[in-house]
Amino acid sequence: MKRLEGKVAVVTGGGTGIGRGIAIALADEGARVFLCGRRLDRIQKTALEIQAAGGYAQAIQADIANEMGVDSLSGVCWMCCRIDILVNNAGISAGGPLDELRVDEWDRVLGVNLRGPFLTTRAVLPVMRGQRAGI
């Protein structure tokens, strides 16, 4: 038996890099994985890879820096009636020298890297509290 059989996981930034690897590892252990990201093509590619290996994955396009984006993510997850694992992986960097960084670029970094985990955690917390479990 796989260690995460019957569990539901949400992975933000699950289309590339570390998030992709985490999503695949969770699915390999039997979790149903919901991949969240801004670029639908990337999260769909990861979802298809997981499905081809016999796992369950669903891609949800959402911008976690935006409350409406997180609402669409949590709406899909609520339909599952449970969320056992939340991986707040999404993150961006503005790149370049600080003295050349525009304020709107910095605001975007803060939105994804700080506001995003706050919003996603706040969205799934009622589900986890209701089931009295989750990490």
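Since we're looking at a predicted model, the values are computed, not measured. Along the sequence shown, residues are numbered consecutively beginning with 1.
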In short, Ala9 meets Ala31 closest at the heavy-atom pair CB-CB, 4.4 Å
Checklist entry - Below 4.5 Å, heavy atoms only, C-beta onward: do Met128 and Ile83 meet side chain to side chain? => result yes
In short, Leu35 meets Ala23 closest at the heavy-atom pair CD2-CB, 3.2 Å
With sequence neighbours left out, the residues meeting salt bridge (charged side-chain N to carboxylate O under 4.0 Å, His left out) with Glu49 are Arg20
Hits for salt bridge (charged side-chain N to carboxylate O under 4.0 Å, His left out) against Arg108, two or more places apart or cross-chain, chain-then-number order -> Asp63
Q.
Does any part of the side chain of Ile64, heavy atoms only, come nearer than 4.5 Å to the side chain of Cys36, both counted from C-beta?
A. yes
Going through the distances and angles, do Glu5 and Arg32 end up as a salt bridge (charged side-chain N to carboxylate O under 4.0 Å, His left out)? CA-CA 8 Å; Glu5 197 75 42; Arg32 294 174 59 202; over 6 Å; no
Margin query: With a sphere of 6.0 Å drawn around CD1 of Ile18, does it hold more than 12 non-hydrogen atoms of other residues, nucleotides or ligands?
Written below: no
Side chain to side chain contact (heavy atoms under 4.5 Å, CB included) with Leu4: of Leu26, Asp28, Asp84, only one passes, and it is Leu26
Linking I/L/V/M/F/W/Y whenever any side-chain heavy atoms sit under 4.5 Å apart, do Val112 and Val87 land together? no
- Below 4.5 Å, heavy atoms only, C-beta onward: do Ile24 and Ile50 meet side chain to side chain? yes
One should read off an interatomic distance between Thr121 OG1 and Leu86 CG, to the nearest 0.5 angstrom, of 5.0 Å
*Any sub-3.5 Å donor-acceptor pair from Glu105's side-chain atoms to Arg102's backbone N or O?*
yes
Linking I/L/V/M/F/W/Y whenever any side-chain heavy atoms sit under 4.5 Å apart, do Phe118 and Leu114 land together?
-> no
- Task: Determine, stepwise, if the pair Arg39 / Asp41 fulfils salt bridge (charged side-chain N to carboxylate O under 4.0 Å, His left out).
- Result: CA-CA 6 Å; Arg39 294 180 295 249; Asp41 60 328; 5.5 Å; no
message = Using salt bridge (charged side-chain N to carboxylate O under 4.0 Å, His left out), reason through Arg3 and Glu29 one step at a time and then give a plain yes or no.
response = CA-CA 6 Å; Arg3 295 182 293 178; Glu29 286 296 332; 3.3 Å; yes
(message) If you apply the rule side chain to side chain contact (heavy atoms under 4.5 Å, CB included), what do you find for Arg115 with Glu67, and how did you get there?
(response) CA-CA 9 Å; Arg115 183 182 172 105; Glu67 278 186 270; 3.5 Å; yes
Just so I know, are the side chains of Val33 and Tyr56 near enough to count as touching, which here means a heavy-atom distance under 4.5 Å? no
Residues 89-101 side chain polar contacts: donor-acceptor under 3.5 Å, at least two apart:
residue	atom	partner	partner atom	Å
Asn89	ND2	Thr12	O	3.3
Asn89	ND2	Gly13	O	3.1

Correct closest heavy-atom pair for Asn88 and Pro117 would be OD1-CA, 3.6 Å
